[in-house]
Amino acid sequence: MSKEKPSIPKGTRDFGPAVVVKRNYIFGVIRRTFEKFGYLPLETPAMEQLSVLTGKYGDEGDQLIFKILNSGDFLSKTNAADIEQGHKHLTRKISEKALRYDLTVPFARFVVMNRNEITFPFKRYQIQPVWRADRPQKGRYREFYQCDADVVGTDSLLCEAEIVQMINETLTTLGLTDFTIKINHRGVLAGIAEAIGEKGRESEICVAIDKLDKIGQEGVRKELLERGIAATAIDKLEPLYALSGSNENILEQLQTILGNTEEGQRGLQDLHQVWQYLKSLKSQALTAQNESGNPRLQLDVTLARGLSYYTGCIFEVKVNNVSMGSISGGGRYDNLTGMFGMPGVSGVGFSFGVDRIYDVLEELQLFPDSTQLGTQVLLVQFDKESELYALPLLQQLRDAGIASELYPEAAKLKKQMSYADQKNIPYVILIGSEEIATGKLKLRNMQTGEQQDSTLEEVIAKLNS
RNA sequence: GUGGUUGUAGCUCAGUUGGUUAGAGCACCAGAUUGUGAUUCUGGGGGUCGUGGGUUCGAGACCCAUCUUCCACCCCA
């Protein structure tokens, strides 16, 4: 073996103990919220058949899938002609498995494979890592966790309303107060395209206007013209950027603009229904205000995402006043299982991006102190006799629910004390010949330096208070 | 996938137009202090300068390749 420097693949990360504790705190909040709304956990394999994944995310997506080389002689099924036909052809010959790219497609596969055992509507959540062969950037990794909740087998817009509720509850519990849940509808987007005389071109229009806050109105105009959208159509489109007023107000304005298009009407009715549900649920998303004075839930006709598969409502969540992209997104897809030969099943779901939520909580210093707690008390030993004396005490402390540890060898006091100091252990108990003789333990407060002689019962009472 | 950017001790970084033996702060280890951490003092270990080639009498510095970091596109959590 050469002594090479070890490293980890590009875009992947190790998580140290302090980070894992904080991440688990986020996972816990998300998991409890999902379960409170009746979603149950599902886990699927890290790898799927490559054929299950390809073609589900578009051409761009296919390139970002991590393929797994066949085991053994992966060239056994190939010949020289295969290489000449290019990498796409060759890939199918040397790779049959791939790492999962998201949690939605494996979920759809699971639903199709288990359709006879599942009771619909089927609500599941899934918290697992996914892999993308993307080029890493801030907040973008090649291995990251997604936290999905989806329900399939119902068209009810109550699901959409509950998604808003779950987003609001999760982020509120995490201590966030200033965030915006953007909502839009594919029907509205299609209706807009039709109303401005570019029916059927909504994908191109949406890709451009989704960048509005990034490249500005002029940038969008330029891009639309490049994509062949008529200037007269763009003139009709631009007033929509500036729609203002309450959400109800915007809905009314949209009604007059695209109410006579079939798709637009479908979208507006859906959105209206979602608002009705949220009102009856007395949703905080409608009543709570951000620092800017706007409600948390905002209808945004420039929101366009997941165009390749979403068909109904679409969501995106942005934390305000932090430099971070969306931390959550989702929408309704009418035909997800259709790609696996099971048509007519509608689903709706969304996902939290834990890595980004972590960065936001860190930036806003919203992690609670409890995520920093470790060992409460360290027992310091001097020799074999004090170790033997300490062991039953150690067990009694643990039985009392106090996180405690005994330094595992009779190292120098300085060494043991430094250990407590560096692990931020707030208390140390010294057990030497004096303490054994008197039966009184020496409890040292590492913050103040105060020491006092106490019985074990007094120590337990103090640490549990 | 396209275009940039970064890499020197565990960490943050110096290092002059290419010139002797590559430095600092923090961290680490040991001692001052054989029953007391964080503070103080003294001493010490640790680098094939990301990796591999090349130019040169001479490369941490210049050139090429490759890996990595970060950024802008594309796209996306």
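These numbers come from the heavy atoms of this one structure, side chains and all, not from hydrogens, waters or symmetry mates. Residue numbering restarts at 1 for every chain, and letters A, B, ... go by the order of the sequence lines.
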Problem - Integer angstrom distance from the P of B:G58 to that of B:U39 - result: 48 Å

Completion exercise
Judged by nearest nucleotide, the residue sitting upstream toward the 5' end of RNA chain B, A:Ile431 or A:Ile8, is A:Ile431

Exercise for the section: Would you sketch RNA chain B in dot-bracket for me? Only Watson-Crick or G-U wobble pairs with both distances under 3.5 Å count, crossing pairs as [ ], other-strand pairs as |, the rest as dots. Expected result: ((((..(..((((.....[...)))).(((((.......))))).....(((((..]....))))))..))))....

Problem - Sugar-phosphate only, base, or nothing, as touched by A:Ser7 at under 4.0 Å among non-hydrogen atoms - result: nothing

Handout entry: Pairs where residues 411-429 of chain A contributes a residue and the test salt bridge (Lys or Arg N to Asp or Glu O under 4.0 Å) is met, not counting sequence neighbours
Key = A:Glu405-A:Lys423

Problem - No-H, no-angle donor-acceptor pair, A:Arg132 side chain to B:C75 base, under 3.5 Å - result: no

Practice task
Show your reasoning for whether side-chain contact (heavy atoms from CB on, under 4.5 Å) applies to A:Arg132 and A:Asp102.
Solution key: CA-CA 9 Å; A:Arg132 295 185 186 178; A:Asp102 72 356; 3.9 Å; yes

Fill in the blank from the handout: Heavy-atom nearest nucleotide on RNA chain B taken for A:Gln63 and for A:Lys412; more 5' hit belongs to A:Gln63

Handout entry: Nearest-Å distance once atom C1' is located in both B:C64 and B:A72
Key = 26 Å

Practice task
Assess A:Arg23 against A:Phe15: is NZ or CZ under 6.0 Å from the centre of the six-membered ring, and within 45 degrees of the ring's axis?
Solution key: yes

With a cut-off of 3.5 Å and sequence neighbours excluded, list every side-chain donor-acceptor pair involving residues 359-368 of chain A.
residue: A:Glu362; atom: OE1; partner: A:Lys22; partner atom: NZ; Å: 3.4
residue: A:Glu362; atom: OE2; partner: A:Lys22; partner atom: NZ; Å: 3.4
residue: A:Glu362; atom: OE2; partner: A:Tyr358; partner atom: OH; Å: 3.4

Exercise for the section: Mind checking A:Phe382 for me? I need base, sugar-phosphate or nothing, with any heavy atom below 4.0 Å counting as a touch. Expected result: base

Could you pull out the protein-nucleic contacts involving nucleotides 3-13 of chain B (nitrogen or oxygen on both sides, under 3.5 Å)?
residue: B:G3; atom: O6; partner: A:Arg135; partner atom: NH1; Å: 3.1

Exercise for the section: Using the P atoms only, state how far B:A22 lies from B:C49, rounded to an integer number of Å. Expected result: 10 Å

Exercise for the section: Answer with base, sugar-phosphate or nothing: what part of the nucleic acid does A:Tyr141 contact at a heavy-atom distance below 4.0 Å? Expected result: base

Exercise for the section: Please indicate whether A:Gln217 has more than 12 foreign heavy atoms, meaning atoms of other residues, nucleotides or ligands, lying under 6.0 Å from its CD. Expected result: yes

Between the protein and nucleotides 37-41 of chain B, which nitrogen or oxygen pairs are less than 3.5 angstrom apart?
residue: B:G37; atom: O2'; partner: A:Asp421; partner atom: OD2; Å: 3.1
residue: B:G37; atom: N7; partner: A:Arg444; partner atom: NH2; Å: 2.8
residue: B:G37; atom: O6; partner: A:Arg444; partner atom: NH2; Å: 2.6
residue: B:G37; atom: N1; partner: A:Met446; partner atom: O; Å: 2.5
residue: B:G37; atom: N2; partner: A:Asp421; partner atom: OD1; Å: 3.2
residue: B:G37; atom: N2; partner: A:Met446; partner atom: O; Å: 2.4
residue: B:A38; atom: O4'; partner: A:Asp421; partner atom: OD2; Å: 2.9

Exercise for the section: List the steps, then state whether side-chain contact (heavy atoms from CB on, under 4.5 Å) holds for A:Glu387 with A:Tyr389. Expected result: CA-CA 5 Å; A:Glu387 179 179 62; A:Tyr389 189 87; over 6 Å; no

Practice task
For B:A9 and B:G15, measure between their C1' atoms and round to the nearest Å.
Solution key: 14 Å

Problem - B:G25 versus B:C41 - spacing of their P atoms, nearest Å - result: 12 Å

Problem - C1' gap between B:G35 and B:A24, integer Å - result: 37 Å

Exercise for the section: Check if the side chain of A:Glu435 and the base of B:G35 share a donor-acceptor pair of N or O atoms closer than 3.5 Å. Expected result: yes

Exercise for the section: Over 60° means perpendicular and under 30° means parallel, so classify the ring planes of A:Phe110 and A:Phe122, tilted if in between. Expected result: parallel

Handout entry: N or O in side chain of A:Lys10 less than 4.0 angstrom from B:G50 OP1/OP2
Key = no

Exercise for the section: Taking the six-membered ring of A:Phe340 (Phe, Tyr or Trp), confirm whether the NZ or CZ of A:Arg109 is under 6.0 Å from its centre and within 45° of its axis. Expected result: no

Exercise for the section: Would you jot down, in residue-number order, the residues of residues 456-465 of chain A having a non-hydrogen atom under 4.0 Å from RNA chain B? Expected result: none

Exercise for the section: Would you classify A:Lys211 as touching base, sugar-phosphate or nothing, given that sugar-phosphate means primed atoms plus P, OP1 and OP2, and contacts are heavy atoms under 4.0 Å? Expected result: sugar-phosphate

Problem - Any donor-acceptor N or O pair under 3.5 Å, side chains A:Gln284, A:Asn168 - result: yes

Practice task
Could you walk me through whether A:Lys67 and A:Lys97 pass the side-chain contact (heavy atoms from CB on, under 4.5 Å) test, one step at a time?
Solution key: CA-CA 6 Å; A:Lys67 286 99 182 168; A:Lys97 297 176 289 297; over 6 Å; no

Practice task
Kindly indicate whether a cation-pi arrangement holds for A:Arg124 with A:Tyr39, taking the cut-offs as under 6.0 Å to the six-membered ring centre and within 45° of the axis.
Solution key: no

Handout entry: B:U36 phosphate, OP1 or OP2, under 4.0 Å from A:Gln416 side-chain N/O
Key = no

Handout entry: Interatomic distance at P, B:U21 relative to B:G60, whole Å
Key = 10 Å

Exercise for the section: Would you confirm whether the ring centroid of A:Tyr145 sits within less than 6.0 angstrom of the ring centroid of A:Phe27? Expected result: yes

